[in-house]
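In what follows, every chain begins at residue 1, and chains take the letters A, B, ... in the order their sequences are listed. A quick note: this is a predicted structure, and the numbers were derived from the prediction, not measured.
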Protein chains: 2
Amino acid sequence: MSMDDVFKALADPVRRQLLDSLHQRNGQTLGELCEGHDMSRQAVTKHLTILEDANLVATRKDGREKLHFLNPLPIFEIADRWVRKFEHGRLRALDELKKNLEGKSDGKR
Amino acid sequence: MSMDDVFKALADPVRRQLLDSLHQRNGQTLGELCEGHDMSRQAVTKHLTILEDANLVATRKDGREKLHFLNPLPIFEIADRWVRKFEHGRLRALDELKKNLEGKSDGKR
DNA sequence: CCAATACGCAACCATTTGGTTGCTTGTCAA
DNA sequence: TTGACAAGCAACCAAATGGTTGCGTATTGG
């Protein structure tokens, strides 16, 4: 579950939609998660595997069904780290950017 | 600057490193940003273009140099939306996940 | 028991991605 | 003015991605 895996897992709209679906109703089976997606079951399986590898989804087998559960913790971790990193001057960020784009060799370099 | 563009832009370690570099020192030229990356200038240019398309980096031409500036706002927006969406039960998320994985047909379905 | 259901596995394919090289353009400085 | 430097453009390539199909396996309900 490297950080890169989480970023890459989140970079696909289908996978984000799968997370959304699990957020609405947790513990869905593979078949249920396939509904509404215009692709084969195997394609959805591949996406779910990527989400599992990123530790965003955990599974449990129940009989012949496979239940999927959302794990939002990696999302929180990444958000924390990345937001905190750039937090400095969050409010003034737009102003600073504007000035930088207008300013001609403003001396900061 | 769709949300998908931002996610995809952040999904590559080279691009995240470029954002880091700009965070350390804003307004770097293309040549400066290339230093320390074991790839051609053109490869870095492509990554920077993706960051520009995602509105994470803005540029200004200064003579024969091109200056690059970080725009952290899209990161904040995405973090806000996604963290808020899954915020519910953030603290208990891990416990709930554990129980779901252990529990056999806990009746919620 | 056995047929249907739910899922797994693997080969295959088209497109996208991430990189390269070669050449061109524009700007500065000696 | 002209050579060197910074960056742009375009063609090309290998590998990863995202999808497909066909078939195999295990579980369950009638």
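For the pair L48(B) CG and dG18(C) P, the interatomic distance rounds to 13 Å; values are reported in whole Å. Straight-line distance from the CG atom of L18(B) to the P atom of dG18(C): 13 Å, rounded to whole Å. Following rounding to the nearest Å, H37(B) (NE2) and dT20(C) (P) show an atom-to-atom distance of 12 Å. For D62(A) and dT27(D), the CG to P distance is 11 Å, given to the nearest whole Å. What separates CG of L51(A) from C1' of dG18(D) is a distance of 14 Å, to the nearest Å. Between L67(A) atom CG and dC7(C) atom P the separation is 8 Å, expressed in whole Å. Rounded to a whole Å, the CD atom of E32(B) is 16 Å from the P atom of dC5(D). Rounding to whole angstrom units, CD of residue Q17(B) and C1' of dG18(C) are separated by 15 Å.
You'll find that the side chain of R15(A) is closest to dG18(D), out of dG18(D), dT20(D), dT20(C). Among dT20(D), dG18(C), dA7(D), the nucleotide with an atom closest to any side-chain atom of H47(B) is dG18(C). Each of dC23(D), dT28(D), dG22(C) was ranked by its minimum atom distance to the side chain of R64(A); first place goes to dT28(D). Taking every side-chain heavy atom of I50(A) into account, dG18(D) is the closest of dG18(D), dG8(C), dT20(D).
Between K66(B) and E52(B), at least one side-chain N (NZ, or NE/NH1/NH2) sits under 4.0 Å from a carboxylate O, which counts as a salt bridge. Looking at E87(A) and R90(A), a side-chain N of the basic residue comes within less than 4.0 Å of a carboxylate O on the acidic one, giving a salt bridge.
Summary of the strand contacts: V14(A) and R41(A) both lie near DNA chain D, and taking for each the nucleotide with the nearest heavy atom, the more 5' one is attributed to V14(A). The residue among Q42(A) and L30(B) whose nearest nucleotide of DNA chain D lies closer to the 5′ end is L30(B). In terms of position along DNA chain C, the nucleotide closest to K66(A) lies nearer the 5' end than the nucleotide closest to the other residue of the pair D12(B) and K66(A).
Interatomic distance, L10(B) CG to L10(A) CG, rounded to the nearest 0.5 Å: 10.0 Å.
Using a 4.0 Å cut-off, some side-chain N or O of S40(A) falls inside it from OP1 or OP2 of dT20(D).
The cluster map of Ile, Leu, Val, Met, Phe, Trp and Tyr, joined by side-chain heavy atoms under 4.5 Å apart, puts L33(B) and L19(B) in the same cluster.
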Walk me through whether V6(A) and N55(A) qualify under side chain to side chain contact (heavy atoms under 4.5 Å, CB included). CA-CA 8 Å; V6(A) 180; N55(A) 207 28; over 6 Å; no
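The base of dG19(D) lies close enough to the side chain of K46(A) for a donor and an acceptor atom to sit less than 3.5 Å apart.
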